[in-house]
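Right, one structure below, let's go through it.
Every chain is numbered from 1, with letters handed out A, B, ... down the list of sequences.
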Amino acid sequence: MKAETDKIKIKLSDEKQIECVAGTIIKDLIDHQLTKNNLQEIIAAKLDGDLVDLSRPLFTNTSLEPVTFDSAEGKKIYRHSTSHVMAQAVKDLFPAAKIAIGPAIEDGFYYDFDLDRPFTPQDLERIEERMKEIIQQDLPFQRLELSKEQAQKIFQERREDYKLELLKDIEEDTVSLYQQGNFIDLCRGPHVLSSGKLRAIKLLNVAGAYWRGDEKNKMLQRIYGTAFATPEALTEYLKRLEEAKERDHRALGRQLDLFSVQEEIGPGLIHWHPKGAIIRMTIEEFWKKEHLKRGYQLVYTPHIASRKIYEISGHLETYQEYMYSPMDIDGVPYWVKPMNCPGHIKIYQTKLRSYRELPIRYAELGTVYRYERSGVLHGMLRVRGFTQDDSHIFCHPEQLPAEILQVLDLVDFMMSTFGFDYHAYLATRPEKSIGGEEAWAKATTALREALSKREIDYKIDPGGGVFYGPKIDIKLLDALGREWQGPTIQVDFNLPERFDINYVGPDGNRHRVVMIHRTVLGSMERFIGTLIEHYAGVFPLWLAPVQVLVLTITERHIEYGERVLQDLRNNDIRAEADFRNELIGYKIREGQLAKTPYMAVIGDREIANGTVSVRTRKKKELTTLRVEDLISKMKKEIADKII
RNA sequence: GCCGGCGUAGCUCAGGGGUAGAGCAACUGAUUCGUAAUCAGUAGGCCGGGGGUUCGACUCCCCCCGCCGGCUCCA
C-alpha cells in the first residue's frame with residue numbers, strides 16, 4: 001500500500017488514464033471525472049473486475065469501470081441494497097423478527113424473516129412506507145470489516161440466530177458487515193452509497209420459504225419486492241406483470257374454451273375441450289409424421305402393469321412415492337404406469353436383436369400418471385396425468401453421439417416450428433449414481449458435443465443428472481418468465497443392466513445396449529400450456545381450432561353461406577359458421593375475441609360475384625376473394641405452418 | 001406436503017350478522033342490418049362442503065375440499 005501523498009494511476013478506459021492521490025475515494029474521483037459523460041447514476045465500481053462500493057478509497061494502480069443500473073450487476077447491487085432497506089424497515093416495525101437471507105433475484109429481491117405472526121398485506125404497505133422514510137433519511141451504507149468473533153458478538157447481541165448460523169459456515173477470519181442507520185447485516189456487498197439512491201421500490205408479495213431451502217427446516221416468511229432506477233421503469237415493469245397475467249394459459253384456457261380441470265374429478269387432471277383437443281390432435285399428427293420420417297417406430301403400451309415389472313425396473317425402489325397405490329387383479333398388485341420405458345423395453349426384448357437392427361427407436365404418445373404434491377399443481381403445466389411424447393432409443397455405444405445429435409436436431413426442429421424460446425442445460429453426474437466413470441464421461445461428452453454442433457447455447461447443471469446417466473434438459477419459458485422442464489434427453493446405463501438388454505454383435509456375442517430416454521415436446525399438457533402463453537392464445541393458422549368463420553349479413557345470405565362452409569370443410573379447413581340474426585359487427589367482435597384467424601363475410605355483393613369478403617385477425621383491411629382463392633391461400637399457409 | 005391469500009350466477013366481480021346484486025353470457029321476442037357490442041323482456045344462487053357461536057350466519061370461529069402466490073420436488 002502506498003502512502004497517501006503518492007500518486008496512483010487509474011485506467012478509466014482504453015484511451016483514458018488519470019492520476020490521483022492514493023486514498024482518493026472512488027466517488028470523489030467519479031464526481032470529477034465521469035459525471036459529464038454519464039447521465040445514468042453510478043451505483044458501484046469495478047476495480048480490475050471486482051465489484052466494490054463507491055465509498056472505497058483507492059491505493060493502488062488499477063482499472064476502474066463504473067457500474068450503473070443498466071447492467072445486470074448494477075441491478076443486482078441496487079436491488080440487494082433495497083432488500084437491506086426492507087429488512088431495516090421490518091426490524092423497525094417488528095423488532096421480534098429475525099433476519100435470514102435477502103438476495104437480489106431476477107427482476108427483484110426478497111428477504112426471509114422469522115416472526116411468530118404472519119405478515120399481512122397491510123403489513124407490506126406499512127413496511128413499504130417505512131422503507132420510503134428510510135430512503136428519505138438518505139442513510140449511508142457503511143462497510144465494516146471485522147473478525148469473525150467481533151461479528152459473532154454483534155449478532156449475538158442482536159439475537160440474529162440465522163446470521164450466527166451463516167457465520168459458522170464462513171471459513172475466512174474476517175467478514176464484512178454493512179450498516180445503515182441502526183441496521184447491521186452480514187453481507188459481502190457491494191451496496192449503493194446511501195439509502196437515498198433508491199428511487200422506485202415496490203413490495204410484491206409474501207410467501208413461505210424454508211430456511212436454507214430445506215423442508216426439514218423451519219418455514220420462514222419471504223417478502224418479495226422489486227426496485228428500479230426510475231418510477232417510470234417500475235410502472236413499466238408492473239404493467240408487464242399485468243400483461244403476463246393476461247397470457248396465463250389458465251385464463252386463456254377458459255376464455256378460449258380449450259381445457260378445464262374439474263374439482264369433482266380431481267386436481268391435476270386435464271379435460272381437453274373440443275377446441276383444445278383439436279390443437280392437440282393437430283400437433284400429435286404432425287409429431288407422428290415427423291417421427292416416422294426420422295426412422296422412429298410408433299408403439300402403444302398398456303396403462304397398468306404388474307408389480308413384477310416395477311421391481312425389475314427399480315421404480316418401486318426409487319420412484320414409489322410418485323406412483324399411485326396398486327390395485328389388486330387376481331391377487332397380483334398392478335400399478336398405473338408413471339413412465340413408458342418398461343413397456344418399450346419389453347417390446348425390444350420379444351426377440352434376439354442383432355447389431356444390424358440398431359438403433360431401434362420406439363416412440364409413443366404415452367399417458368402416464370404421477371403423484372405430485374398438491375401444492376405444486378399448476379394449470380396444464382404441472383399435472384398428475386399427462387401424455388409424454390416419449391421415445392426410447394436402443395443403440396450400441398458407438399451410435400450414441402449420432403443418436404443424440406439426431407434427437408437434438410428433432411428438438412430444434414420442433415422448437416423452431418412452434419417459434420419457441422428455450423434454455424438448454426447439460427446436467428452432469430450427481431453424487432449418488434451408478435455406472436463407470438468412463439461411460440459417464442463418454443455420454444456426457446456426446447451430449448456436450450451434440451449441443452456445440454447444433455450451436456445451442458447451454459448452461460451446465462452440475463450434478464443435476466439422473467442417477468442412471470447424464471442428460472440435456474430443455475426448459476420452456478412461461479408468460480411470467482418461469483422455466484418449465486420440457487424436452488429432455490437422458491442417457492441411461494441403469495435399465496439396460498437391470499433388464500439385461502442385449503444385442504448380438506458382429507462377434508456373435510451378446511453386448512449391452514445403451515438406452516436414450518427422450519421427449520421432444522415434454523408432455524402434451526405442458527407443451528400446449530406453454531404454447532398458449534407463448535402465442536397469447538393467438539394460434540397460428542395451422543393450429544387454430546377454428547381457422548375461418550363464415551359470417552352472413554342477413555338471413556337471405558345463409559344458403560350461399562352453407563355452400564361456402566361446406567366448400568371450406570371439403571378442403572380440410574376447420575370452418576365454422578355464424579348465421580345468427582345478429583349485426584355483422586357483433587359477430588365479428590365475437591370472432592375477433594376468439595382470435596379466429598380468418599373471417600369470411602357474405603352479403604349481396606359477394607353472392608353476386610361468387611366471392612367472400614375476407615378479414616384477418618391481424619391486418620384488419622379487407623380483401624375480396626373468390627372462395628377457391630381463399631381456400632388455396634389458407635391451404636398454403638397451413639401447409640407452411642406460418643407462425 | 002409446508003407458509004400465506006382467496007372461494008358469491010356459466011364468466012368477471014360488488015356486497016359484509018337481519019329477504020342475494022351488477023355487467024357480460026344464456027333464453028324469449030322484436031329488428032334483416034356491410035366489418036369489434038341493436039333494442040326490450042325472462043330465467044339463473046345450498047354465497048365451495050361440514051360443524052360451531054347466535055334469536056338469526058353468505059358475513060364471525062373451527063375442520064375439510066379446491067384455487068392462487070411462493071418453498072420443497074418434477075414432463
Side-chain angles (χ1 to χ4, degrees), chain A residues 110 112 117-121 123-124 204-224 245 248 250-251 254-255 257 260-264 266-268 319 321-322 338-340 366 368 370-390 466 473-476 480 482-488 490 517-527 529-530 551-558 580-594 599-606 613-617 620-622:
Chain A
Y110 66 78
D112 287 348
R117 77 163 186 79
F119 289 118
T120 63
D123 291 338
L124 284 200
L204 299 170
N205 54 320
V206 205
Y210 299 106
W211 165 238
R212 300 199 144 175
D214 187 334
E215 65 182 320
K216 290 185 203 81
N217 289 341
K218 185 165 187 186
M219 180 154 279
L220 309 176
Q221 296 186 69
R222 174 170 297 178
I223 302 180
Y224 285 91
K245 265 190 201 158
D248 191 313
R250 293 163 299 185
R254 192 180 300 115
Q255 281 161 33
D257 200 11
S260 63
V261 180
Q262 310 289 332
E263 187 177 337
E264 294 91 333
Y319 207 74
E321 58 177 313
Y322 296 104
M339 291 187 193
N340 302 302
V368 297
R370 298 180 186 174
Y371 172 72
E372 298 283 355
R373 300 205 283 183
S374 61
V376 306
L377 300 174
H378 185 92
M380 286 179 122
L381 300 185
R382 188 79 182 266
V383 294
R384 286 179 171 163
F386 56 99
T387 300
Q388 290 183 298
D389 66 308
D390 208 357
V466 198
D473 278 334
I474 304 287
K475 309 227 174 174
L476 309 175
L480 292 167
R482 291 177 291 208
E483 287 187 346
W484 295 90
Q485 179 64 60
T488 176
Q490 310 180 347
H517 309 241
R518 46 108 284 188
T519 66
V520 295
L521 302 178
S523 72
M524 299 316 293
E525 286 74 10
R526 182 173 288 177
F527 185 74
T530 324
L551 307 176
T552 46
I553 306 277
T554 76
E555 278 169 1
R556 68 177 174 277
H557 307 125
I558 291 178
R580 287 176 303 171
N581 179 17
E582 286 289 352
L583 298 187
I584 191 67
Y586 182 80
K587 297 188 197 182
I588 293 216
R589 178 183 153 79
E590 282 198 348
Q592 196 72 31
L593 289 175
M599 284 180 256
V601 177
I602 291 160
D604 293 338
R605 287 200 300 270
E606 286 74 21
S613 168
V614 178
R615 178 194 167 103
T616 68
R617 72 185 159 195
K620 288 183 186 159
E621 75 250 29
L622 310 174

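Between A:L521 atom CG and A:L476 atom CG the span is 9.0 Å, to the nearest 0.5 Å.
Identified under the salt bridge (charged side-chain N to carboxylate O under 4.0 Å, His left out) test for residues 584-594 of chain A, with sequence neighbours left out: A:R580-A:E590.
Scanning for ring pair (Phe, Tyr, Trp, His ring centres under 6.0 Å) contacts around A:Y110 gives A:Y224, with sequence neighbours left out. Taking A:E582 as the reference, nothing meets the side chain to side chain donor-acceptor pair (under 3.5 Å) condition, with sequence neighbours excluded. In this structure A:E555 satisfies the salt bridge (Lys or Arg N to Asp or Glu O under 4.0 Å) test with no other residue, sequence neighbours excluded. Annotation: side chain to side chain donor-acceptor pair (under 3.5 Å) contacts of A:R384 (sequence neighbours excluded): none. For A:Y586, there are no ring pair (Phe, Tyr, Trp, His ring centres under 6.0 Å) partners at least two apart in sequence or on another chain. Partners of A:R617 according to the side chain to side chain donor-acceptor pair (under 3.5 Å) rule, which considers only residues two or more places apart in sequence or in another chain, do not exist here. With sequence neighbours excluded, no residue satisfies salt bridge (Lys or Arg N to Asp or Glu O under 4.0 Å) with A:D257. With sequence neighbours excluded, no residue forms a side chain to side chain donor-acceptor pair (under 3.5 Å) with A:Y371.
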- Message: Output one letter per nucleotide in nucleotides 32-45 of chain B: B when a protein non-hydrogen atom lies under 4.0 Å from the base, S when only the sugar-phosphate is that close, - when neither is.
- Response: BBBBBBB-------
- Item | Protein proximity profile, nucleotides 61-70 of chain B - base contact B, sugar-phosphate-only contact S, no contact -, cut-off 4.0 Å on heavy atoms | ----BSSSBB
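Among the protein residues, A:R382 comes within range of the nucleic acid bases, having at least one heavy atom under 4.0 Å from a base atom. Using a 4.0 Å heavy-atom cutoff across all strands shown, A:F119 reaches no nucleic acid atom at all. At a threshold of 4.0 angstrom between heavy atoms, the contacts of A:V383 include nucleobase atoms, whether or not backbone atoms are also involved.
RNA chain B forms stems at B:1-7 with B:65-71, B:10-13 with B:21-24, B:26-30 with B:38-42, B:48-52 with B:60-64, each a run of 3 or more consecutive Watson-Crick or G-U wobble pairs whose two key distances fall under 3.5 Å.
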